[in-house]
Enquirer: 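Starting off with a structure, shown below.
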Amino acid sequence: MTGLAAGLLLSVPAIAEADGKLPVVATFSILGDLTQHIGGDAIALTTLVGPDSDAHAFEPTAESQRAVAGARVLVANGLGLEPWLDRLIDASTFKGELVEATTGIEPLASTEAEEPAAEGEGAHDHDHGGPDPHAFQDPKLVLTYIDNIAAGLAKAAPESAGAFRKNAEDLKARFRALDTELSASLGSLPSENKRILTSHDAFQYFGRAYGIDFVAVQGMSTEAEPSAQDLKNIVEQIKGGDIKAIFIENMNDPRFVESLAADTGAVVGGDLHSDALSAPGGPAADLLSLYRYNAAELLKVLK
Ligand SMILES: [Zn+2]
């Protein structure tokens, strides 16, 4: 009886890992890319929020729940990027290793908290004053993401720890080289050209890293729409000449920004990739390409 029970228990992980790979779930495309590079052939990865899709506003499906239930490792960003995650973890009775990839990163505060507008209108919209979750937009902070993911995978599959560590070090070297490259190219821009507008506030970390001032129409999350007052402020800033150009993003509705541009005559740049990769074959199909693509789009307009 005990022998049989033990045998059944032992067979459970064997079913989940039928192909011998560690089942891993990443919450959105950028984390999926990092996790795949680190895990290599040793993992079977499911990414919940795919390319060109919005991780803030995701609604988990029955399929998401099944993937999380079967996972040994769940890689999440944390800092409030995935407001739906706790409920999904509870619903799927996930018992594996939860990796919060931002662990150890000192987060920036949400920009709204610093602005006078937060006193009145707009303060009800969403979480003001919380941490800014978009730390993956600074290559130096991506190094911490990589370390955290490698450590989490190694805990769940110690036999592959050496391979994870090596893959992680290779990937970190590529992000260090990227940082050097972007510091040189974006660092050479004239300072008066460094104030631009985007649709949602995902580029504070990127802006801090490379000295570019991003102003957002929509705030930190994509869940709330900008108020009439927010839009009026933005139009005044553009008309006052403070803002050099407007960029739209790949994962949300560009109409706000397009109508702003029509109203003000501002220069519109290409679409920046903020919280999502492009589909395979697209210009930002992995995180290194995403950075190079965004930097090229910025340089085209801001030079
Ligand atoms: Zn975002």
Enquirer: Between D179 and K140, is there a salt bridge with N-O shorter than 4.0 Å?
Expert: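 Yes, charged N to carboxylate O under 4.0 Å.
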Enquirer: Check D170 with R174, please: is the shortest side-chain N to carboxylate O separation under 4.0 Å?
Expert: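 No, no charged N to carboxylate O under 4.0 Å.
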Enquirer: Show the numbers, then the answer: is there a side chain to side chain contact (heavy atoms under 4.5 Å, CB included) between V49 and D54?
Expert: CA-CA 7 Å; V49 184; D54 182 351; 5.9 Å; no
Enquirer: Look at the side chain of S64 and the backbone N and O of T61, then say whether any donor-acceptor pair between them is shorter than 3.5 Å.
Expert: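 Pair found, side chain donor or acceptor close to backbone of T61.
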Enquirer: Could you tell me which non-hydrogen atom of P133 sits nearest to which non-hydrogen atom of G78, and how far apart they are?
Expert: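 Heavy atoms only, the tightest pair is CB-O, 3.9 Å.
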Enquirer: Out of curiosity, R176 CZ to L143 CG, how far, rounded to the nearest 0.5 Å?
Expert: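 Spacing of CZ (R176) from CG (L143) equals 5.5 Å.
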Enquirer: Does some side-chain heavy atom of S185 sit less than 4.5 Å from a side-chain heavy atom of L299?
Expert: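 SC-SC contact between L299 and S185 confirmed.
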Enquirer: Report the distance from atom CG of L34 to atom CG of D286, rounding to the nearest 0.5 Å.
Expert: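 If I round to the nearest 0.5 Å, the distance is 9.5 Å.
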Enquirer: Mark yes or no for whether T35, through its side chain, and L31, through its backbone, hold a donor-acceptor pair below 3.5 Å.
Expert: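 Side chain of T35 to backbone of L31, a donor-acceptor pair under 3.5 Å: yes, one is there.
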Enquirer: Calculate, to the nearest 0.5 Å, the distance between atoms CG and NZ belonging to L45 and K21 respectively.
Expert: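 Reported to 0.5 Å precision, the distance equals 10.5 Å.
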Enquirer: Verify whether one side chain among Q65 and S92 offers a donor that lies under 3.5 Å from an acceptor in the other.
Expert: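 Side-chain D/A pair, Q65 to S92: absent.
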Enquirer: Taking the basic N atoms (NZ, or NE/NH1/NH2) and the acidic carboxylate oxygens, is any pair closer than 4.0 Å for K172 and E169?
Expert: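 Yes.
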Enquirer: So does E159 have more than 12 non-hydrogen atoms from other groups sitting under 6.0 Å from CD?
Expert: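 Buried by this count: over 12 neighbours within 6.0 Å.
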Enquirer: Quick one: do R66 and E63 make a salt bridge, cutoff under 4.0 Å?
Expert: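 Salt bridge absent between R66 and E63.
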Enquirer: Is there a side-chain contact between T27 and F58, using heavy atoms and a 4.5 Å cut-off?
Expert: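 They are not in contact (no side-chain heavy atoms under 4.5 Å apart), so the answer is no.
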Enquirer: Which atoms form the tightest heavy-atom contact between N167 and G39, and what is the distance?
Expert: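 Smallest heavy-atom distance, with atoms named: ND2-C, 4.4 Å.
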Enquirer: A side-chain contact here means heavy atoms from C-beta on lying under 4.5 Å apart; do V24 and R72 qualify?
Expert: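 Side chain of V24 against side chain of R72, heavy atoms only: no contact under 4.5 Å found.
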Enquirer: Of the non-hydrogen atoms in P51 and A276, which two are nearest, and what is the gap between them?
Expert: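 That closest heavy-atom pairing would be C-CB, 4.5 Å.
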Enquirer: From S274 OG over to D201 CG, what is the distance, rounded to the nearest 0.5 angstrom?
Expert: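 Answer rounded to 0.5 Å: 10.5 Å.
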Enquirer: For residues D271 and F247, determine if any side-chain heavy atom of one lies less than 4.5 Å from a side-chain heavy atom of the other.
Expert: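 No, their side chains stay 4.5 Å or more apart.
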Enquirer: For A135 versus T102, what's the shortest heavy-atom pair and its separation?
Expert: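 Smallest heavy-atom distance, with atoms named: CB-CG2, 4.3 Å.
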Enquirer: Under 4.5 Å between any side-chain heavy atoms of L141 and E106, yes or no?
Expert: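 Not in contact.
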Enquirer: For a ring pair (Phe, Tyr, Trp, His ring centres under 6.0 Å) check, start with the C-alpha distance between F28 and F136, then their side-chain angles and the critical distance, and finish with the verdict.
Expert: CA-CA 12 Å; F28 71 111; F136 50 84; 5.4 Å; yes
Enquirer: A side-chain contact here means heavy atoms from C-beta on lying under 4.5 Å apart; do L186 and L189 qualify?
Expert: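 Yes; the side chains approach each other to less than 4.5 Å.
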Enquirer: Between L48 and V68, does a side chain to side chain contact (heavy atoms under 4.5 Å, CB included) hold up when you go through it step by step?
Expert: CA-CA 9 Å; L48 300 178; V68 171; 4.2 Å; yes
Enquirer: Looking at D41, I want to see if its CG is surrounded by more than 12 non-hydrogen atoms of other residues, nucleotides or ligands under 6.0 Å.
Expert: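 Open.
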Enquirer: Side chain of N77, backbone of E100: donor and acceptor closer than 3.5 Å?
Expert: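 Not at all, since once roles are kept as given, no pair shorter than 3.5 Å links the two residues.
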Enquirer: Check the hydrophobic clustering (I, L, V, M, F, W, Y; side-chain heavy atoms under 4.5 Å; chains of links allowed) and say if V268 and I196 are grouped together.
Expert: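 Hydrophobic grouping puts V268 apart from I196.
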Enquirer: In the structure I gave you, are the side-chain heavy atoms of F164 and I149 within less than 4.5 Å of one another anywhere?
Expert: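 When only atoms from C-beta onward are counted, I149 and F164 do not touch, as no gap falls below 4.5 Å.
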Enquirer: For the pair D213 (side chain) and R195 (backbone), establish whether a donor and an acceptor sit closer than 3.5 Å, ignoring hydrogens and angles.
Expert: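 Here the side-chain-to-backbone pair does not exist.
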Enquirer: Okay, side chain of N148, backbone of T103: is any donor-acceptor separation there less than 3.5 Å?
Expert: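 The answer is yes, because a donor-acceptor pair under 3.5 Å joins these two groups.
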Enquirer: Does a side chain donor of either D275 or H134 reach within less than 3.5 Å of an acceptor in the other side chain?
Expert: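 Yes.
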Enquirer: Looking only at non-hydrogen atoms, find the nearest pair between A71 and V25 and report the distance.
Expert: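 Closest approach of A71 to V25: CB-CG2, 3.7 Å.
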Enquirer: Report the C-alpha separation of L22 and V73 in whole Å, then their side-chain angles, then the decisive distance to 0.1 Å, and conclude whether the side chain to side chain contact (heavy atoms under 4.5 Å, CB included) test is met.
Expert: CA-CA 8 Å; L22 181 72; V73 181; 4.0 Å; yes
Enquirer: Is Y205 reaching over with its side chain to a backbone N or O of D132, donor-acceptor style, under 3.5 angstrom?
Expert: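 Yes: the side chain of Y205 pairs with the backbone of D132.
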Enquirer: Using modelled atom types only, decide if a donor and an acceptor are shared between the side chain of T264 and the backbone of K239 within a distance under 3.5 Å.
Expert: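 Between the backbone of K239 and the side chain of T264 there is no qualifying donor-acceptor contact (under 3.5 Å).
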Enquirer: Between S183 and T180, is any side-chain donor less than 3.5 angstrom from a side-chain acceptor?
Expert: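 No, because no side-chain N or O of S183 sits under 3.5 Å from a partner of the opposite role on T180.
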Enquirer: Could you go through E82 and H56, starting from their C-alpha distance and side-chain angles, then the distance that decides it, and tell me whether this counts as side chain to side chain contact (heavy atoms under 4.5 Å, CB included)?
Expert: CA-CA 6 Å; E82 304 104 334; H56 297 281; over 6 Å; no
Enquirer: Would you kindly say whether D138 and Y210 are connected by a side-chain donor-acceptor distance under 3.5 Å?
Expert: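 No donor-acceptor contact under 3.5 Å links the two side chains.
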Enquirer: Ring centres of H273 and Y293 under 6.0 Å apart?
Expert: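 When the ring centroids of H273 and Y293 are compared, they turn out to be within the sub-6.0 Å range.
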Enquirer: Starting at CD1 of I30, measure out to CG of D33 and round the result to the nearest 0.5 Å.
Expert: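 Atom-to-atom, I30:CD1 and D33:CG are 8.5 Å apart.
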Enquirer: Does some side-chain heavy atom of F214 sit less than 4.5 Å from a side-chain heavy atom of I212?
Expert: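 I212 reaches F214 side chain to side chain.
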Enquirer: What are the two closest heavy atoms between L88 and P60, and how far apart are they?
Expert: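 Of all heavy-atom pairs spanning L88 and P60, the closest is CD1-CB, 3.9 Å.
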Enquirer: Measure the CD-OG1 distance between Q36 and T47 for me, rounded to the nearest 0.5 Å.
Expert: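 Q36 CD to T47 OG1: 8.0 Å, rounded to 0.5 Å.
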Enquirer: Just by distance, no angles: are the side chains of T144 and D147 close enough, under 3.5 Å, to form a donor-acceptor pair?
Expert: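 Side-chain D/A pair, T144 to D147: absent.
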